Amino acid sequence: MLHSDRLLPGAYDRVTGDWDDVIELAYEPQLVGPALQALAPRAAHWTLVSSVSVYADNSTPGANELAELVEPQDLTMYPDAKVAAEKAAAERIGDRLLIARPGLIVGPGDPSDRFGYWPARMHRGGRVLTPATAGRYVQVIDVDDLAQWIVQAGVDRRIGAIDAVGAVHTMDDFFRAACTATGFDGELIAIGDDALLAHDVHYWAGPRSLPLWLPIADAGFVRRDGASFLATGGCLRPLSETLQRTLTDEVERGVDRPRRSGLTTSDEHEVLDAAR
């Protein structure tokens, strides 16, 4: 195994010979470009892990890989940089390229806390603040399901762009599954969007957020068509299994630890008390 700082000159000097598959996880131009220059001529197959964030429209349920992409203008923005990476790879790799566009990747070890927040919070019990669930959905892919598909897709020399997304669940069903996985017997208290926003609660991720909560207008972001993923050998474990795996990991790491996403205990109590 070779380790190298990809930002340093000569980062690829020791990476010799030909390669069956290169799996690129980066999207920053200063990382993507040099890797393509150094390795593209010697790779039989190239997998670029992109994102469903590349799509310009998040409002249409059931959209697939034919949907329009963001026009990359500001490469400091995540969607723009992902599209630019796709274009750069396509120019250098041609018909040896697989562009994997995952949805939200979840499971043990996830540093974003966008999914793990919920089983951890329900494990703690008590009154749990949730967004209003009507018209809302959850679509995630277990990290192990994604990894297994990427490896096999390289072996099979899959090419083209494929949305690697999980099954679509209503948010109600997601919360029910999370309650079952954690043995939750407390109270779920749903609060409407206007009240949450008025109390400075943020969508989707980050500090003082309710993870997985999106504006209704963006519901298509978590209702993408996963037919291509399944048709190319992708397998999806049950949501209950991913929740259980995530809960085990959350307990090991500490359900009360500081988080990158979600509400702190004091924030949650503040919003619950104010909203009621």
Side-chain angles (χ1 to χ4, degrees), residues 4-9 11-12 15 19 21-41 43 45-60 63-106 109-115 139-141 143 146-147 149-150 153-154 158-166 202-207 209 211-212 214-215 217-218 220-222 224 226 228-229 260-261:
S4 182
D5 185 339
R6 295 175 61 181
L7 293 174
L8 295 178
Y12 299 94
V15 185
W19 296 84
D21 192 21
V22 172
I23 300 173
E24 173 63 279
L25 303 177
Y27 59 92
E28 300 90 337
Q30 65 269 32
L31 296 176
V32 172
L36 287 167
Q37 183 175 356
L39 301 177
H45 183 266
W46 194 283
T47 301
L48 173 67
V49 180
S50 185
S51 167
V52 294
S53 294
V54 298
Y55 294 109
D57 174 28
N58 290 323
S59 65
T60 305
N64 62 19
E65 296 84 358
L66 299 178
E68 181 182 359
L69 304 184
V70 168
E71 184 61 37
Q73 298 179 353
D74 180 358
L75 298 191
T76 65
M77 300 298 291
Y78 181 74
D80 298 48
K82 282 289 193 181
V83 174
E86 290 189 9
K87 290 178 178 290
E91 289 174 1
R92 293 297 300 268
I93 304 299
D95 61 3
R96 294 171 289 141
L97 174 64
L98 170 65
I99 299 175
R101 294 175 179 155
L104 180 60
I105 305 169
V106 304
D110 176 19
S112 78
D113 294 317
R114 288 175 292 184
F115 185 82
Q139 185 178 39
V140 299
I141 185 165
V143 62
L146 176 63
W149 175 77
I150 287 174
R158 300 284 186 186
I159 61 173
I162 296 176
D163 290 344
V165 295
H202 304 150
Y203 288 114
W204 188 245
S209 68
L212 308 184
L214 283 170
D218 291 334
F221 184 76
V222 288
R224 297 202 65 83
S228 294
F229 175 73
R260 294 178 61 182
S261 296

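This is a predicted model, so every value here is computed, not measured.
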For this session: Tell me, with the steps shown, if Asp110 and Val143 meet side chain to side chain contact (heavy atoms under 4.5 Å, CB included).
Result: CA-CA 9 Å; Asp110 176 19; Val143 62; over 6 Å; no

How long is the span from the [atom1] atom in [X] to the [atom2] atom in [Y], to the nearest 0.5 Å?
{"X": "Ile162", "Y": "Ser50", "atom1": "CD1", "atom2": "OG", "value": "12.5 Å"}
{"X": "Glu65", "Y": "Arg101", "atom1": "CD", "atom2": "CZ", "value": "7.0 Å"}
{"X": "Ile93", "Y": "Leu39", "atom1": "CD1", "atom2": "CG", "value": "8.5 Å"}
{"X": "Ile23", "Y": "Thr47", "atom1": "CD1", "atom2": "OG1", "value": "5.5 Å"}
{"X": "Ile141", "Y": "Trp149", "atom1": "CD1", "atom2": "CH2", "value": "8.0 Å"}
{"X": "Glu28", "Y": "Lys82", "atom1": "CD", "atom2": "NZ", "value": "8.0 Å"}

For this session: Give a yes or no on whether Glu68 atom CD has more than 12 heavy-atom contacts from other residues, nucleotides or ligands under 6.0 Å away.
Result: no

Exercise. Is it the case that more than 12 heavy atoms not belonging to Gln37 sit under 6.0 Å from its CD atom?
Worked result: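 Count not over threshold, so no.
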
Is the shortest heavy-atom distance from the side chain of [X] to the side chain of [Y] under 4.5 Å?
{"X": "Pro72", "Y": "Lys87", "answer": "yes"}
{"X": "Asp163", "Y": "Tyr55", "answer": "yes"}
{"X": "Phe229", "Y": "Val165", "answer": "no"}
{"X": "Val70", "Y": "Val54", "answer": "no"}
{"X": "Pro111", "Y": "Arg260", "answer": "yes"}

Got a donor-acceptor contact below 3.5 angstrom from the [X] side chain to the [Y] backbone?
{"X": "Arg96", "Y": "Ala40", "result": "yes"}
{"X": "Ser261", "Y": "Ser112", "result": "yes"}
{"X": "Arg224", "Y": "Asn64", "result": "yes"}
{"X": "Asp80", "Y": "Asp74", "result": "yes"}

Do you know the tightest heavy-atom contact between [X] and [Y]?
{"X": "Pro29", "Y": "Leu75", "answer": "CG-CD1, 3.7 Å"}
{"X": "Gln139", "Y": "Leu104", "answer": "O-CB, 4.1 Å"}
{"X": "Pro102", "Y": "Val49", "answer": "CG-CG1, 3.9 Å"}
{"X": "Leu146", "Y": "Ala164", "answer": "CD1-CB, 3.7 Å"}
{"X": "Asp5", "Y": "Ala11", "answer": "O-CB, 3.3 Å"}
{"X": "Tyr78", "Y": "Ser51", "answer": "OH-CB, 3.6 Å"}

For this session: May I have the step-by-step check of side chain to side chain contact (heavy atoms under 4.5 Å, CB included) for Trp19 and His45, ending in yes or no?
Result: CA-CA 8 Å; Trp19 296 84; His45 183 266; over 6 Å; no

For this session: Using the side chain to side chain contact (heavy atoms under 4.5 Å, CB included) rule, take Val106 and Arg114 through it: C-alpha gap first, then chi angles, then the decisive distance, then the call.
Result: CA-CA 8 Å; Val106 304; Arg114 288 175 292 184; over 6 Å; no

